[in-house]
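Scroll down for the structure; my scribbles are underneath it.
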Number of protein chains: 2
Amino acid sequence: MTLQQLRYFLATADQGSFSAAAAGLRLAQPSVSEQVRLLEAELGVALFVRAGRTLTLTEAGRTLRRHAGRILAAVDDARTAVAEVRQVLTGTVTLGVFGTASYYLVSEVVEGFRRRHPGVRVRLVG
Amino acid sequence: MTLQQLRYFLATADQGSFSAAAAGLRLAQPSVSEQVRLLEAELGVALFVRAGRTLTLTEAGRTLRRHAGRILAAVDDARTAVAEVRQVLTGTVTLGVFGTASYYLVSEVVEGFRRRHPGVRVRLVG
DNA sequence: TAATATTACGTATTACGTAAAGATT
DNA sequence: AATCTTTACGTAATACGTAATATTA
């Protein structure tokens, strides 16, 4: 089970069609079909009932649909959370330091900070 | 971002080492390193600070760790839920039918049922 | 020097697209 | 006939392992 497969499955379930889902995902239909087929194979259940050209979700399909939505939402949350941290920890900090022994005193702290936050540029101004 | 990458990342964070994580996952170290590196590249943030041979999670890494745990748990939930449905909908139903016109009457219902639950074997006994 | 991480590179897997066939309305 | 799905197959991307290099305790 991959996130990609869950996305393709969800798009197909939403659209009720492989071709429509593929169009929305800007992919060829067979690619979408294949991934859904692989997902079904791994889970050991049919997710759709193919009756002619009409697709219907099975019970398993409806179940997975709910869970897939949750999973993909959690992935988006993760992205957002990390992006926010990156935002915060990607800038420049300018530090004014006065007094002779000061460099010594701050160097240790600054080094530790730099190690933990490599994305932040630390400028020391004497 | 793939589930695989999240698994490798989580294992590495838990073990505090690429080699230990790789051993646990029964993979070669470079494979694990590479996937984590790709994950960092996609997110645009370092997840670990490489200080010598010691790995430490960055702020972004700690954030992702929490979310990754949630995501992978949600995936397990999905698997379990689908497996339960499969369990229920993979058996044999034997239906005793009496009376002359009965087959006609039930056939429509049975066909609909079969369509919705292809995993269930339906036996009709006259 | 023993243990760990990174880099380099070849191989095997796999995701994708195009093309063709099958099926249904 | 037109639309959709599946099958078949070749190609490109990529995940993996082995080997070599670098780095540190």
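Chain identifiers are assigned alphabetically (A, B, ...) following the order of the sequence lines, protein sequences preceding nucleic acid strands; residue numbering begins at 1 within each chain. No experiment lies behind these values; they were computed from the predicted model shown.
Per the geometry, CG belonging to A/Leu39 stands 15 Å off C1' belonging to C/dA15, to the nearest Å. Distance OH (B/Tyr8) to P (C/dA5): 16 Å, rounded to an integer number of Å. Going from atom CD of B/Gln5 over to atom C1' of D/dT14 covers 11 Å, rounded to whole Å. Rounded to whole Å, the distance from CD on B/Gln29 to P on C/dA3 is 12 Å. Between B/Leu27 atom CG and C/dT13 atom P there is a gap of 15 Å when expressed in whole angstrom units. Going from atom CZ of B/Phe48 over to atom P of C/dT6 covers 10 Å, rounded to whole Å. Rounded to whole Å, the distance from CD on A/Gln15 to P on D/dT3 is 18 Å. In this structure, A/Gln35 places its CD atom 9 Å from C1' of C/dC16, rounding to the nearest Å.
Ranked by how close their nearest DNA chain C nucleotide is to the 5' end, B/Arg37 and A/Leu38 are led by B/Arg37. Nearest-nucleotide mapping onto DNA chain C: of A/Gly52 and A/Thr2, the residue sitting toward the 5' end is A/Thr2.
Note on B/Glu34: a base of the nucleic acid sits closer than 4.0 angstrom, heavy atoms only. B/Ser31 comes within 4.0 angstrom of a base, heavy atoms only. Using a 4.0 Å heavy-atom cutoff across all strands shown, B/Leu25 reaches no nucleic acid atom at all. Nucleic acid contact class of A/Ser17 (heavy atoms, under 4.0 Å, all strands): sugar-phosphate only.
Distance from the side chain of A/Pro30 is smallest to D/dT6 among C/dA15, D/dT6, D/dC16. Of the candidates C/dT18, C/dC16, D/dT6, C/dT18 carries the atom nearest the A/Ala28 side chain, counting heavy atoms from C-beta on. Comparing atom distances between the A/Ser19 side chain and each of C/dA5, C/dT7, D/dC4 picks out D/dC4 as nearest. Residue B/Phe18 places its side chain closer to C/dA5 than to any other of D/dC16, C/dA5, D/dT6.
Salt bridge A/Arg37/A/Glu40: absent, no basic N to carboxylate O contact under 4.0 Å. Look at A/Arg70 and B/Asp77 and you find no salt bridge, because none of the NZ, NE, NH1 or NH2 atoms lies under 4.0 Å from a carboxylate O. Here B/Arg86 does not pair with A/Glu59 in a salt bridge; the nearest charged N to carboxylate O distance is not below 4.0 Å.
For A/Ser33 and D/dT6, the shortest distance from a side-chain N or O to OP1 or OP2 is below 4.0 Å. In this model, the phosphate group of D/dC16 is approached by a side-chain N or O of B/Gln4 to a distance below 4.0 Å at OP1 or OP2.
Two residues are said to be in side-chain contact when any heavy atoms from C-beta on lie closer than 4.5 Å; B/Phe18 and B/Arg50 meet this criterion.
Atom OH of A/Tyr8 is separated from atom OG of A/Ser31 by 7.0 Å, given to the nearest 0.5 angstrom.
Checked by distance alone, A/Arg53 brings a side-chain donor or acceptor within 3.5 Å of a matching partner on the base of D/dT3.
With hydrogens and angles ignored, the 3.5 Å screen pairs no side-chain donor or acceptor of B/Thr58 with any backbone N or O of B/Val49.
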